Amino acid sequence: MSFLQDAASELLYPILPIFLTIVLGAPAAVVGAVEGAAEGAASLTKIWAGRLADRSSKRRLIAAGYGLAAVGKLIIALATTWPVVLAARCVDRLGKGIRGAPRDALLMDGADPANRGRVFGFHRTADTLGAVVGPSLGLILYELFNRQIPPLLWIAVIPAVLSVLLVAAVREKRAASAGVVRGAGQRTTAAPHPGAAGRLPARLRLLIGGLTLFSLVNFPDALLLLRAHELGLSTEGVIGAYILYNVAYAALSYPAGALSDRVPRHLVFAAGLVFFAVGYLGLGLIDDPALVFPVLIVYGGFTAATDGVGKAWVSTLAPAQLQGRAQGLFQGLTGGGILVAGIWAGLAWGDAGRVPLLVSGAAGLVLAVVLVVAGRRLSTRRSG
């Protein structure tokens with residue numbers, strides 16, 4: 001399901017900045033605002049959906065989320081002005097917000113606590129392979145359709161609909177009766193899990209706060225692709241660079257997740273922030289469009305070492321009964337930070353985008369150092 005939906009989303013993603021600015025005539029600030037608003041819409045929904053996932057059917061929430069994403073892609077295909085694209089992206093991301101936390105909580109249902117990083121790493125690999133197939137298909141079709149973007153928008157609807165149909169194959173365990181655990185012929189009362197009925201643990205709240213702070217400088221990747229186009233890459237070049245980024249992301253996600261099961265997760269995450277700094281500073285400093293390709297490959301290491309690892313880290317610190325709530329709060333607040341980042345970076349973009357790229361890259365490097373020095377306080381035993 002994630003593979004197909006991401007193939008649809010990522011077929012669109014590298015061409016949307018060009019579609020908005022070249023086809024629909026929107027300024028660069030609109031690109032940041034559209035993606036930021038879309039992530040903001042998802043952020044608010046994630047917090048609500050995460051809480052709901054702990055009390056109701058995760059499968060139904062997942063179905064609703066994938067359905068809205070498909071509708072959003074259909075609206076984009078029909079768009080003739082950038083406000084319609086804005087509305088469509090918000091609908092799409094609302095779907096992401098509804099399905100994200102329930103899906104990630106469902107991934108942890110019955111998972112071995114010692115393999116949380118591997119589970120999320122495997123999911124990110126499958127999801128990101130869609131981000132390799134989608135843009136690759138888009139690049140081929142872009143040439144077949146004589147470099148016309150609108151036909152690609154309609155093609156993206158197909159895998160999005162297929163992912164919705166696959167919800168029928170999802171199975172969800174029924175929650176056990178509260179406080180009861182059945183053993184070998186015995187009925188015993190389970191000890192309440194710390195924090196299960198109250199607030200999230202202090203370390204988890206501190207972690208989510210720190211990662212939210214970082215998200216304020218992590219603006220949408222659409223602006224990075226706009227920078228690549230402004231450096232002189234053709235539409236085909238931008239799509240090709242984005243494919244390489246996703247290849248690196250997919251290839252490194254599982255190893256990074258597995259590594260985070262063996263070493264403290266804060267060190268793996270800090271390494272990801274170093275890759276982030278290299279990506280942003282590199283794009284801000286280079287003038288040769290050919291250098292975009294190696295820079296984005298390095299940047300793929302950032303998402304591989306932070307996306308699934310961050311979710312596994314949150315999962316490790318969260319009580320079992322509050323997995324959905326924890327994931328929803330984490331993903332919601334960091335998504336809200338990306339909204340703010342998209343707005344300020346878009347407004348500060350100017351002619352080349354150097355200033356926001358350099359500011360964010362430097363901030364990422366500083367946060368990596370802070371995490372190496374102080375991140376041990378947020379570590380926990382590998383048993384989860």
Side-chain angles (χ1 to χ4, degrees), residues 1-24 26 30-43 45-46 49 61-100 102-103 126-142 144-145 148-168 170 220-222 225-226 235 238-239 242-243 246 335 338-339 342:
M1 288 166 55
S2 293
F3 169 81
L4 286 170
Q5 188 63 235
D6 217 51
S9 296
E10 302 298 342
L11 192 158
L12 293 177
Y13 198 75
I15 62 174
L16 271 183
I18 301 168
F19 180 63
L20 284 166
T21 57
I22 304 301
V23 179
L24 301 183
V30 167
V31 177
V34 165
E35 291 305 309
E39 291 299 331
S43 301
T45 314
K46 287 175 180 177
L61 291 171
I62 293 169
Y66 280 109
L68 280 176
V71 171
K73 291 171 178 63
L74 178 60
I75 298 174
I76 290 176
L78 295 168
T80 56
T81 61
W82 70 259
V84 177
V85 176
L86 170 61
R89 286 292 290 161
C90 287
V91 170
D92 187 333
R93 296 296 90 179
L94 280 173
K96 181 178 178 65
I98 290 174
R99 71 180 184 261
R103 180 202 62 207
D127 184 271
T128 309
L129 283 175
V132 174
V133 171
S136 300
L137 181 61
L139 185 59
I140 295 170
L141 294 175
Y142 182 71
L144 291 178
F145 288 119
Q148 296 296 309
I149 290 178
L152 304 184
L153 308 181
W154 288 101
I155 296 295
V157 175
I158 298 173
V161 172
L162 291 175
S163 72
V164 179
L165 297 178
L166 275 180
V167 175
V170 174
D221 289 344
L225 300 178
L226 180 61
T235 300
V238 171
I239 297 174
Y242 191 59
I243 291 171
N246 280 304
I338 292 174
L339 163 62

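Please read all numbers here as calculations on a predicted model, not as lab measurements.
- Put simply, CD1 on Ile75 and SG on Cys90 are 10.0 Å apart, with the number rounded to the nearest 0.5 Å.
- No donor-acceptor contact under 3.5 angstrom links the side chains of Tyr142 and Gln148, judged on distance only.
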After noting the C-alpha distance and the side-chain angles of Ser9 and Arg93, does the key distance pass the side-chain contact (heavy atoms from CB on, under 4.5 Å) rule? CA-CA 10 Å; Ser9 296; Arg93 296 296 90 179; 3.9 Å; yes
Before giving the answer on side-chain contact (heavy atoms from CB on, under 4.5 Å), spell out for Leu162 and Leu166 the whole-Å C-alpha distance, their side-chain angles and the decisive distance to 0.1 Å. CA-CA 6 Å; Leu162 291 175; Leu166 275 180; over 6 Å; no
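- Smallest separation of non-hydrogen atoms from Ala49 and Pro102: O-CG, 4.1 Å.
- Residue Gly130 comes nearest to Pro135 through the heavy atom pair O-CD, 4.1 Å, listed as atom of the first residue, atom of the second, then distance.
- Proximity of Ile15 to Leu152: side-chain heavy atoms (C-beta onward) are separated by under 4.5 Å at one or more points.
- In terms of heavy atoms, Ala222 sits closest to Pro17 at O-CG, 3.6 Å.
- A donor-acceptor contact closer than 3.5 angstrom links the side chains of Tyr66 and Ser2.
- Between Leu144 atom CG and Ile140 atom CD1 the span is 7.5 Å, to the nearest 0.5 Å.
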Could you check Phe3 against Val133 for side-chain contact (heavy atoms from CB on, under 4.5 Å), going step by step and ending with a plain yes or no? CA-CA 9 Å; Phe3 169 81; Val133 171; 3.9 Å; yes
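- Scanning both residues, Leu68 and Gly95, for their nearest heavy atoms gives CB-CA, 3.7 Å.
- In terms of modelled atom types and a separation under 3.5 Å, the side chain of Asn246 and the main chain of Ala131 share a donor-acceptor contact.
- In terms of heavy atoms, Gly342 sits closest to Pro220 at CA-CD, 3.4 Å.
- Every salt bridge (Lys or Arg N to Asp or Glu O under 4.0 Å) that Asp127 has, sequence neighbours left out, goes to Arg124.
- Using a 4.5 Å cut-off on side-chain heavy atoms (C-beta onward), Leu16 and Arg89 make contact.
- Annotation: side-chain contact (heavy atoms from CB on, under 4.5 Å) contacts of Ala77 (sequence neighbours excluded): Leu153, Trp154.
- Between Arg99 and Gln5, some side-chain heavy-atom pair lies under the 4.5 Å cut-off.
- Residue pairs satisfying the salt bridge (charged side-chain N to carboxylate O under 4.0 Å, His left out) criterion with at least one member in residues 67-88, sequence neighbours excluded, are listed as follows: Lys73-Asp92.
- Here the straight-line distance linking atom CG of Leu4 with atom CG of Leu129 works out to 11.5 Å at 0.5 Å rounding.
- The two atoms that bring Gly134 and Leu11 nearest to each other are O-CG, 3.5 Å, heavy atoms only.
- Between Ile239 and Thr235, the closest side-chain pair of non-hydrogen atoms falls below 4.5 Å.
- Residues Met1 and Val167 meet the side-chain proximity criterion, which asks for heavy atoms closer than 4.5 Å.
- The side chain to side chain contact (heavy atoms under 4.5 Å, CB included) with Ile149 is formed by just one residue from the set Leu12, Ile22, Ile18; it is Ile18.
- Using a 4.5 Å heavy-atom cutoff, the side chains of Val85 and Leu24 are in contact.
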